[in-house]
Structure formats: structure tokens, C-alpha cells
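Every value quoted in this text rests on a predicted model; they were computed, and no experiment measured them. Just so you know, ligand 1 is whichever comes first in the structure, and atom 1 is the first atom listed for that ligand.
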Amino acid sequence: MDAGPIRPRRLRGTAALRRLVAETALTPADLVLPLFVKEDAREPVPVASMPGVVQHTRDSVRKAAHDAVEAGVGGLLLFGIPAQKDDRGSAADDPDGIIQRTLRDLRTEFGDDTVLIADLCLDEYTSHGHCGVLRETRTGEWIVDNDATLDRYATIAVAQAEAGAHVVAPSGMMDGQVGAIRTALDGAGFSDTAILAYSAKYASALYGPFRDAAECAPAFGDRRGYQQDAANAREALREVALDVAQGADMVMVKPALAYLDIVRAVRNAVDIPVAAYHVSGEYAMVEAAAAQGWIDRRAVILELLTGIRRAGADIVITYWASEAARWLH
Ligand code: PBG
């Protein structure tokens, strides 16, 4: 039988034709590299569940940042791991805390040549590993106190902005966090510091390896009381709308691959940049399969990152950012 006059294969015949008609571009500038800095590390500490990822020293993080900037990566997302933790996460807004020191180092070194994004949360800093401060209920349970946590986030945001963050990224999923942070930043003279809101952040088992990297597994319970349920999509749009109304400059969906429908829905709902975070568990799965020789590592990575862009993400946060950026040159 004749296939007829319409033959989509015509445009797939050569690499040049495929390049010409590509609908989605993956470019280094759209990628953001997460980096972990550990206060008491004397040398970089490999993260067993994330092959290729390390907990950096203040020195080695500068080298990794250089490598990323040289590769053309669009920004760096920084996580601090303090030497001392307590129940209110005091190190998070200490001007001499590890994240503030690192931000000052990198801002001095790179100025405005890259975008420094500070993860704004308490789980890496609290002794109990929850994303906020705790309160005991009348029935004797411990829960994360939403509004007391907002006060902590407000001072952390100012400390991070003072230290040189271009963008703060609240990831704790507390109600009202974007508004509280915006007010605090503006009040302290940081009206130019942007907010990348982790708006649709799901309670995901795919964060497992990250909790090794950031040493922040909750000491009891889980995060389902504040992060979203995987079953819900409309709820994500509600969270995004609230964050936009409170002044978010960019919004994020996290994780990425199991939530591409959410990425698309958010992309259609807002006119500000949308980021998607390809998280630690998603990374670990690919690295494990590649290490077994079961998949073509490079091809799979590029396919996954392109898929996240195609779903509607303007910005892709990925542990492969530097490596992928080099492949894209
Ligand atoms: C919270 C935070 C988490 C991640 C980023 N920010 C962990 C959590 O919410 O439990 C996970 C990132 C990843 O898995 O790669 N500070």
C-alpha cells in the first residue's frame, strides 16, 4: 500500500534536518547545578547513593562552581550542612554559618557572572531533621509549627541575601512562606533579591539519596504533613497561584519525571519562569542502571533532560548540569 503524500519521515532523514525542526532546545544556560557544602569536611566526601556527587569543602565547592560556570551552566543551587544542629536550626541564619560563608566566597569570586541560588529550608540545620520548628500539640504529638517557622525563614532569607544570594529558594512548603520572605527581604533593603518558590513540592520517596547528601532525614515521622500528596494535581496549581500572588518570581515543580503533567499544567497556568528539579532518586536510578551497563548513560541523560524541557520547564535543576552542559557545546 502507498503511504501517501504525507511522509513525516522526510524531516527525519538527516541529522541536519532533525536539528532544523527540533521543537525543544536543551541549552547549558537553562541548567542549574545543586551543590552541597559541609562545614566540617576536610576533603570532599562522596555520597554513596549519588555516584559522582560529593559533599564539598569550602575550597572544593569553589572549584566545582568554576567548572560549572566555565561549562556555561545557568546557576548554582547551594545547600549547607552545618557542623552543629539544634532544634531551631540556628546555623541557617548565622552570618558565619556554612551557607552564608559559601555564598560570600562565591559572590566575591564570580560577582554577577552566575546566579547564586540559596536553598532556604531548615531540615539541614535542625537536630530533628524537619523543615521547620516543632510544637507539641495538646495530644502530645510533635508537629511543624507553620507560623513560627515563617519567622525563621524570614531571617534566613535576609542572611542569605546579605551574604550574596541572587535568589532564595524556599523549599519547606509552609503556608505563606513566599509572602513572609518577600516582606522580610523588602524590609531589609533586598527588594532586588528574587524568590524561586518550590511551589509544587511533593512528599516523594525519590528524595532518599538527597537526605544522605544533606544529612537531613527526619528523626521521626515524615514530611507528609507539609509536602504534597502524589495523587494531587489541582492542589499543585493552587499552591502555585498562592505563591505567585505572594510575589514568587519563579516557581518550581519537584520531582520532575513522575510529575511532568504538573510541569505542563503549571507552565500553562503562569507567565513566570517554571523550574523542574530532577531529584536525587531520579539521578540515582539512572546512575545505577548505567553502572550495570543496562542503559546508554549519556543518551538517557540527554533524553530525560530534553523531556523535562519539552514538558514546559524553562529551567532544569540537575546534578548532571556541568557534564550535560559540556556535551551540549
Ligand atoms: C529540603 C530539600 C529536599 C530536597 C531539596 N530541598 C529534601 C526534602 O524535602 O526532603 C531534595 C532534592 C533531591 O532529592 O535531590 N531542604
Point to revise | Nearest non-hydrogen protein atom, atom 16 (N) of ligand 1 | key: Asp123 OD1, 2.8 Å

**Study point:** atom 6 (N) of ligand 1: the protein heavy-atom neighbour that sits closest, reported with distance to 0.1 Å
**Key:** Lys254 NZ, 3.2 Å

Review point. Quick one: nearest non-hydrogen protein atom to atom 2 (C) of ligand 1, plus distance?
Key: Lys201 NZ, 3.2 Å

Review point. Can you list the ligand 1 atoms lying under 4.0 Å from a non-hydrogen atom of Tyr277?
Key: 12 (C), 15 (O)

Review point. What residue and heavy atom of the protein are closest to atom 14 (O) of ligand 1, and at what distance?
Key: Ser280 OG, 2.7 Å

Review point. Does Gln227 reach ligand 1, in the sense of a heavy atom lying below 4.0 Å from it?
Key: yes

Exercise for review: Could you grab the distance from atom OG1 of Thr318 to atom CD1 of Ile308, nearest 0.5 Å is fine?
Suggested key: 7.0 Å

Study note, to complete from the structure: Leu103 and Leu116 have their tightest heavy-atom pair at O-CD1, 4.1 Å

**Study point:** Enumerated ligand 1 atoms positioned under 4.0 Å from heavy atoms of Arg223
**Key:** 8 (C), 9 (O), 10 (O)

Point to revise | Arg211 near ligand 1 by a heavy-atom separation under 4.0 Å | key: yes

Review point. Taking heavy atoms and a distance under 4.0 Å, where does Tyr319 meet ligand 1: side chain, backbone, both or neither?
Key: side chain

Point to revise | Part of Val279 within contact of ligand 1 (heavy atoms, under 4.0 Å) | key: both

Review point. Considering only the protein, which heavy-atom contact is closest to atom 12 (C) of ligand 1, and what is its distance?
Key: Phe210 CD1, 3.3 Å

Review point. Looking at Tyr207, is Lys201 sitting on its ring face, NZ or CZ under 6.0 Å from the six-membered ring centre and within 45 degrees of the normal?
Key: yes

Point to revise | Enumerated ligand 1 atoms positioned under 4.0 Å from heavy atoms of Glu124 | key: 16 (N)

Check your understanding: Can you say whether the rings of Tyr198 and Tyr277 are parallel (under 30°), tilted (30 to 60°) or perpendicular (over 60°)?
Key -> tilted

Practice item. Would you check if Val54 and Val47 make a side-chain contact, meaning some heavy-atom pair closer than 4.5 Å? Key: no

Exercise for review: Establish, yes or no, whether a centroid distance under 6.0 Å links the rings of Tyr283 and Trp320.
Suggested key: yes

Check your understanding: Using the ring of each side chain (for Trp, its six-membered ring), is Tyr226 parallel, tilted or perpendicular to His130, with breaks at 30° and 60°?
Key -> perpendicular

Point to revise | Proximal ligand 1 atoms for Asp119, defined as those under 4.0 Å from one of its heavy atoms | key: 6 (N), 16 (N)

Check your understanding: With Tyr153, which residues qualify under ring-ring contact (aromatic ring centres under 6.0 Å, His included), at least two apart?
Key -> none

Review point. Are any side-chain N or O atoms of Arg88 and backbone N or O atoms of Thr126, one a donor and one an acceptor, separated by less than 3.5 Å?
Key: no

Check your understanding: Relative to ligand 1, is Cys121 under 4.0 angstrom through side chain, backbone, both or neither, heavy atoms considered?
Key -> side chain

